[in-house]
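Let me give you the structure first, and then I'll get to my questions.
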Amino acid sequence: MQINRVNTLIYSLIIVLIGISCSGLKVAEQGHCAGAGLGERLDSIIGSHEGVTGVAVLSGDSLLVAGDTSQLPLMSIFKMHIAVAVLDKGIAVDSVVSLGASNLRENTYSPMRDEKGQHGFEITVDSLMYYSVCRSDNNACDYLIELVGGISEVDSCIRRLGINDFVLTETENSMHEDIARSYLNRSTPEALCHVIEAIFSGRALSPEATQYLTDLLCKSRTGRDKIAAGIAPEAFMGHKSGMSDRNAAGIRMATGDVAAFRRGDGSAAFVAILVKDSPETNEESSALFKDLSAAIYDAYGR
C-alpha cells in the first residue's frame, strides 16, 4: 500500500512537471507543447516548400521555434532596427535635413526619389522614417544609417537591449554593389521576435518614441502578402518585411517578415518568418507565409 501511494505521488509529480514544461520558458522551442501540435503543423508546411525557412513565435514567456534556427538574411527588415537606433539617439523627427544627388541613387528602390526628385531637397527626419519603414525606401534607409553614425551604431543599439543572435554590417548600397553581401545582415527568427517585442512592450524606447515607431510599423504597407495575409485584420498590429532580388540562377536569396498581433485575451504575440535561397515563385512564397501565419494565428490568436 505504501509503495502504491509513493508511485501515485511520483506519477502526479510527473504530470505537474509536464504541465509546467508546456507553459513556456523556451521549453516549447521544438514545437511539442505549444498550440496543440503547432510545431508539427509548422514543420509540415515548411517541408512542403523549397528553400531554408525559420519561424519563431513569442508570446509572453512562451517561445516556439520551427524549421531552421540559424541566422538567416534580414534584407529590409533591418530598417526596423535602424528606426530604433534613430529614436534611441534622440534625433528629433521634426528636424529638417538636406539630401543631395549623391544620397539619391538611381539604380535602387526609392519611392522618395521618384516622388521628390533626384537633384536634392530638404526633408524631415519623420518623412525619412516613413519612407524607410513604411515604404522600404533604400535611399531613405541609408541616409538614416549615416544620421546615427553608421551601421555599427545600429548593431550596438540593438545589442544594448540584450539581444545578440544577429549581425548588422551592411547598408542598402553595399548590398547593391555586391549582391552576395545580402547574406551578411542576418538574424535568428528568435532574436527578431525579441526585437519587435522590445519595441511594442516599450522596453526599447521611451513611451513617446514607442508610440511613434509602433504607428509606423502599423502603417508599413510593403509585404502585406506575407504574415498579415494569415492574421485577422483587426488583430494585426504592425510589421516589417524584406525581400532580396533573385540571383543569376533565379534563386530568391532571402525574403522575410516580422509582425505583432493581438491575441484573444488582448495580449500581444510576435512572429518572425525568414526564408533563404528559395527557387519558388512569388505566389508560392506568399502562400508559405500565409499558411504559416494562419496556423500560428489559429493557435495563438483566438
Side-chain angles (χ1 to χ4, degrees), residues 73-158 168-179 181-182 184-185 195-196 199 204-206 208-226 238-245 254-258:
L74 285 169
M75 301 313 301
S76 286
I77 296 174
F78 87 131
K79 290 166 181 166
M80 179 179 73
H81 302 62
I82 294 161
V84 172
V86 170
L87 296 169
D88 180 68
K89 290 275 187 180
I91 298 170
V93 296
D94 60 356
S95 58
V96 177
V97 296
S98 296
L99 272 63
S102 62
N103 303 119
L104 301 165
R105 300 187 312 280
E106 294 183 22
N107 55 349
T108 193
Y109 179 74
S110 182
M112 176 183 68
R113 176 206 59 224
D114 296 342
E115 293 169 7
K116 295 185 174 298
Q118 59 187 34
H119 302 296
F121 47 81
E122 291 189 337
I123 189 170
T124 62
V125 171
D126 176 47
S127 291
L128 287 172
M129 293 278 273
Y130 166 77
Y131 275 114
S132 181
V133 175
C134 301
R135 300 183 66 182
S136 219
D137 190 292
N138 292 338
N139 285 326
C141 166
D142 279 357
Y143 192 89
L144 290 173
I145 292 174
E146 290 182 24
L147 206 58
V148 300
I151 192 65
S152 63
E153 285 295 311
V154 179
D155 186 277
S156 297
C157 175
I158 302 302
L168 294 178
T169 59
E170 306 305 310
T171 65
E172 287 289 355
N173 190 44
S174 68
M175 289 187 284
H176 181 79
E177 290 180 338
D178 180 0
I179 192 172
R181 301 188 76 83
S182 299
L184 300 183
N185 282 347
V195 174
I196 196 169
I199 294 169
L205 299 163
S206 70
E208 182 180 5
T210 296
Q211 185 64 58
Y212 176 83
L213 183 50
T214 55
D215 284 348
L216 283 180
L217 293 170
C218 182
K219 296 172 186 174
S220 181
R221 303 306 303 177
T222 55
R224 284 292 179 125
D225 60 334
K226 292 183 169 68
H239 83 124
K240 185 70 194 87
S241 66
M243 185 170 67
S244 75
D245 293 328
T255 184
D257 198 10
V258 61

**Report entry** Side-chain donor or acceptor of R113 paired with backbone N/O of E106 under 3.5 Å
**Finding:** yes
Report task. Could I get the full list of side-chain contact (heavy atoms from CB on, under 4.5 Å) partners for T210, not counting sequence neighbours? Result -> L205, T214
Query raised in the report: Would you say the side-chain atoms of D142 pair up with the backbone N or O of E172, donor to acceptor, closer than 3.5 Å?
Result: yes
Query - Over all atoms of both residues, closest heavy-atom pair of V133 and S220 - result: O-OG, 3.2 Å
Query raised in the report: Any side-chain heavy atom of N138 within less than 4.5 Å of one from H176?
Result: no
Query - Least distance between heavy atoms, C157 atom then V84 atom - result: SG-CG1, 4.0 Å
Requested in this report: Test side-chain contact (heavy atoms from CB on, under 4.5 Å) on I158 and V195 and set out the steps.
Outcome: CA-CA 8 Å; I158 302 302; V195 174; 3.9 Å; yes
Query - Note, N173 side chain near T108 side chain (heavy atom, < 4.5 Å) - result: no
Requested in this report: Could you check if a side-chain atom of F78 sits within less than 4.5 angstrom of a side-chain atom of I145, using non-hydrogen atoms only?
Outcome: yes
Query raised in the report: In Å, rounded to the nearest 0.5 Å, how long is the span from OG of S152 to CG of L168?
Result: 10.0 Å
**Report entry** L144 side chain near M129 side chain, heavy-atom distance below 4.5 Å
**Finding:** yes
Requested in this report: Considering non-hydrogen atoms only, spot the tightest contact between S241 and G223 and give its length.
Outcome: OG-CA, 3.4 Å
Query raised in the report: According to the salt bridge (charged side-chain N to carboxylate O under 4.0 Å, His left out) rule, which pairs have a member within residues 208-226, sequence neighbours left out?
Result: none
Report summary line: Taken in chain and number order and not counting sequence neighbours, the residues that satisfy side chain to side chain donor-acceptor pair (under 3.5 Å) with S127 are T124
**Report entry** Shortest non-hydrogen separation from A209 to L87 and the atoms involved
**Finding:** O-CD1, 3.8 Å
Query raised in the report: Any idea which heavy atoms bring A83 and L213 closest together, and the distance?
Result: CB-CD1, 3.7 Å
Query raised in the report: How would you list all residue pairs meeting salt bridge (charged side-chain N to carboxylate O under 4.0 Å, His left out) that involve residues 124-141, not counting sequence neighbours?
Result: E115-R135
Query raised in the report: Between CD1 of I196 and NE2 of H81, what distance do you get to the nearest 0.5 Å?
Result: 9.5 Å
Identify all side-chain donor-acceptor contacts of residues 88-98 below 3.5 Å with residues at least two apart in sequence or on another chain.
unit_1	atom_1	unit_2	atom_2	d
D88	OD2	R160	NH2	3.2
K89	NZ	E153	OE1	2.8
S95	OG	A92	O	2.5

**Report entry** Close side-chain approach of M112 to L128, heavy-atom, < 4.5 Å
**Finding:** yes
Query raised in the report: So, do S132 and Y143 sit near enough that their side-chain heavy atoms are less than 4.5 Å apart?
Result: no
Report summary line: Separation between CG (N185) and CG (L74), nearest 0.5 Å, reads 6.5 Å
**Report entry** Approximate separation, where rounding is to 0.5 Å, of S182 OG and M175 CE
**Finding:** 5.5 Å
Query raised in the report: Are the side chains of K116 and L99 in touch, meaning some heavy atoms are under 4.5 Å apart?
Result: no
Requested in this report: Mind checking side chain to side chain donor-acceptor pair (under 3.5 Å) for K240 and listing every partner two or more places apart, or none if nothing turns up?
Outcome: S136
Query raised in the report: How about F121 and L104: do any of their side-chain heavy atoms sit closer than 4.5 Å?
Result: yes
Query - Rounded distance [0.5 Å steps], OG in S102 versus CD in Q118 - result: 12.5 Å
**Report entry** Closest approach of A140 to Y131 (non-hydrogen atoms, all atoms of both residues)
**Finding:** CB-CB, 3.9 Å
